[in-house]
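Worth saying up front: this structure is predicted, and the values here are computed from it rather than measured. Side-chain atoms are counted along with the backbone in the values below, which use heavy atoms only and exclude waters and symmetry mates. Numbers restart at 1 for each chain; the letters A, B, ... are given by sequence-line order, proteins then strands.
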Amino acid sequence: MRKVLQDYFFNRSTLRVARELLGKFLVRRYGRRIIYGIITEVEAYVGPKDKASHASRGKTERTKVMFGKSGHWYVYLIYGMHNCLNIVTEKENYPAAILIRSVGDVKGPGRVCRYFKIDKSFNAKPANKKTGLWIEDRGIRINPSKIKQGKRIGVEYAGKCKDKPWRFYLG
DNA sequence: ACGATGATGAAC
DNA sequence: TTCATCATCGTA
């Protein structure tokens, strides 16, 4: 069983999608090679009021993709050297996305992008086989008791939102 | 503990 | 146009 996740999977509550992404596979076509791994850690960034979210300051050139259609990639450069990969969720004009923090043994969003050869050229592109980067359901069932939840990382500046338990990982 | 390294957004 | 900040990582 191998199914590419479509827009309708992502056009739902970000927290639900985030939980359900655990156990799915990130897949990249890189020339003739296929790079893939199981998603093991994600973080949700939800709505215009989430102070930890780039979208909390409104729609800008960078963040407009978060306000766009679900099922598209949001890739940005952080600290001048690392790319971070996010998948946009929820309906159009409601800014939300999920940061993919770890895939298999590759831990950390910067390392994920390095391992999967992901840069800003994927920004605002849809997640499907045509673009060469997509997410698959390979039929793995995750026992809910394996899903851990905790604070998001690196968002100490986010005031009331800094402690929201919107990071999900397999434990 | 800290520096690398450059895009982004807000201030001026 | 300048400036502080940053959803991190590698080295120490």
Side-chain angles (χ1 to χ4, degrees), chain A residues 5 9-26 28 30 35 37-91 93-127 133-135 147-171:
Chain A
L5 299 185
F9 178 89
F10 301 103
N11 189 9
R12 295 183 293 145
S13 150
T14 306
L15 296 183
R16 286 230 331 240
V17 176
R19 280 180 180 280
E20 293 181 24
L21 275 182
L22 298 175
K24 302 297 189 292
F25 283 76
L26 181 64
R28 167 85 159 102
Y30 186 67
I35 307 168
I38 188 167
I39 297 172
T40 50
E41 183 184 16
V42 297
E43 276 177 4
Y45 291 84
V46 187
K49 308 295 259 306
D50 179 2
K51 288 284 188 269
S53 171
H54 293 161
S56 66
R57 292 182 217 200
K59 192 189 280 189
T60 67
E61 189 57 33
R62 178 177 65 157
T63 64
K64 64 183 182 187
V65 59
M66 290 186 73
F67 291 78
K69 288 180 74 171
S70 60
H72 289 237
W73 299 113
Y74 169 40
V75 182
Y76 62 90
L77 184 69
I78 191 68
Y79 301 113
M81 52 182 80
H82 307 292
N83 288 114
C84 289
L85 177 68
N86 301 249
I87 186 80
V88 175
T89 55
E90 309 224 21
K91 64 188 174 189
N93 294 315
Y94 184 81
I98 296 167
L99 172 67
I100 298 179
R101 291 196 66 88
S102 304
V103 179
D105 294 331
V106 184
K107 311 218 186 292
R111 288 167 165 178
V112 167
C113 283
R114 196 176 55 186
Y115 182 81
F116 281 84
K117 318 284 188 196
I118 294 161
D119 61 23
K120 278 185 66 181
S121 66
F122 284 98
N123 188 51
K125 291 198 176 154
L133 183 64
W134 66 95
I135 300 176
I147 298 180
K148 310 295 182 199
Q149 195 169 357
K151 296 188 214 177
R152 293 173 294 182
I153 291 172
V155 296
E156 290 308 303
Y157 59 86
K160 280 162 70 174
C161 294
K162 75 182 174 66
D163 295 324
K164 290 204 177 293
W166 289 352
R167 169 174 163 254
F168 301 91
Y169 55 100
L170 294 177

J.: Does OP1 or OP2 of dA7(C) have a side-chain N or O of Arg167(A) closer than 4.0 Å?
T.: no
J.: Given that both distances must come in under 3.5 Å, which nucleotide forms a Watson-Crick or G-U wobble pair with dC2(B)?
T.: dG10(C)
J.: To the nearest Å, how far apart are Glu43(A) CD and dC6(C) C1'?
T.: 14 Å
J.: For Lys51(A), answer base if it contacts any base atom (sugar-phosphate contacts may also be present), sugar-phosphate if it contacts only those atoms, and nothing otherwise; contact means non-hydrogen atoms under 4.0 Å.
T.: nothing
J.: Taking atom C1' of dA7(C) as reference, at what distance in whole Å does atom OH of Tyr169(A) sit?
T.: 17 Å
J.: Looking at every strand, decide which applies to Arg62(A) at a 4.0 Å heavy-atom threshold: base, sugar-phosphate, or nothing.
T.: sugar-phosphate
J.: Just the rounded figure in Å: distance from P of dG6(B) to CG of Asp119(A).
T.: 15 Å
J.: Return the nucleotide paired to dA10(B): Watson-Crick means purine N1 to pyrimidine N3 with N6-O4 or O6-N4, wobble means G-U with N1-O2 and O6-N3, both under 3.5 Å.
T.: dT2(C)
J.: Whether His54(A) contacts dA7(C) is assessed here as follows: a side-chain N or O lying under 4.0 Å from the phosphate OP1 or OP2. Is that the case?
T.: yes
J.: Tell me whether Tyr76(A) and dA7(B) count as stacked here, given that the ring centres must be under 5.5 Å apart and the planes must differ by less than 30 degrees.
T.: no
J.: Measure from the side chain of Ile153(A), starting at C-beta and using heavy atoms only, and say which of dA7(C), dT8(C), dT8(B) lies closest.
T.: dT8(C)
J.: Specify the residue among Val155(A) and Arg111(A) whose closest nucleotide of DNA chain C lies further upstream toward the 5′ end.
T.: Val155(A)
J.: Quick one: pull up CD1 in Ile135(A) and CH2 in Trp73(A) and give me the separation to the nearest 0.5 Å.
T.: 4.0 Å
J.: Quickly work out the Ile118(A) CD1 to dT8(C) P distance and round it to whole Å.
T.: 16 Å
J.: To the nearest 0.5 Å, how far apart are CG in Asn86(A) and CE in Met66(A)?
T.: 6.5 Å
J.: If I take atom OH in residue Tyr74(A) and atom P in nucleotide dC6(C), what distance separates them, rounded to the nearest angstrom?
T.: 14 Å
J.: Would you say dG10(C) has OP1 or OP2 under 4.0 Å from some side-chain N or O of Arg114(A)?
T.: yes
J.: Using the closest heavy atom to pick a nucleotide of DNA chain B for each, name whichever of Lys120(A) or His82(A) lands nearer the 5' end.
T.: His82(A)
J.: Ignoring the backbone of Met81(A), work out which of dT5(B), dC9(C), dC6(C) is nearest its side chain.
T.: dT5(B)
J.: What's the CG-P distance between Asn83(A) and dC9(C), to the nearest Å?
T.: 11 Å
J.: State which of dA7(B), dG9(B), dT8(C) makes the closest approach to the side chain of Arg57(A).
T.: dG9(B)
J.: At their closest point, which heavy atom of Ala44(A) faces which heavy atom of Thr14(A), and how far apart are they?
T.: CB-CG2, 3.8 Å
J.: Within this structure, what is the CG-to-P distance between Leu85(A) and dT8(C), rounded to whole angstrom?
T.: 14 Å
J.: Can you confirm if the NZ or CZ of Arg111(A) lies within 45° of the ring axis of Tyr115(A) and under 6.0 Å from the centre of its six-membered ring?
T.: no
J.: State which of dT8(C), dG9(B), dA7(B) makes the closest approach to the side chain of Thr60(A).
T.: dG9(B)
J.: Would you mind reading off the distance between Tyr79(A) atom OH and dT8(B) atom P, rounded to a whole angstrom?
T.: 16 Å
J.: Can you tell whether the side chains of Arg101(A) and Glu43(A) come within less than 4.0 Å, N to carboxylate O?
T.: yes
J.: Give a yes/no on whether any side-chain N or O of Lys64(A) is located under 4.0 angstrom from OP1 or OP2 of dG9(B).
T.: no
J.: Specify the closest pair of heavy atoms between Asp50(A) and Ser56(A), including all atoms of both residues, with the distance to one decimal.
T.: O-CB, 3.2 Å
J.: Should Arg101(A) be listed as having a side-chain N or O under 4.0 Å from OP1 or OP2 of dT8(C)?
T.: yes
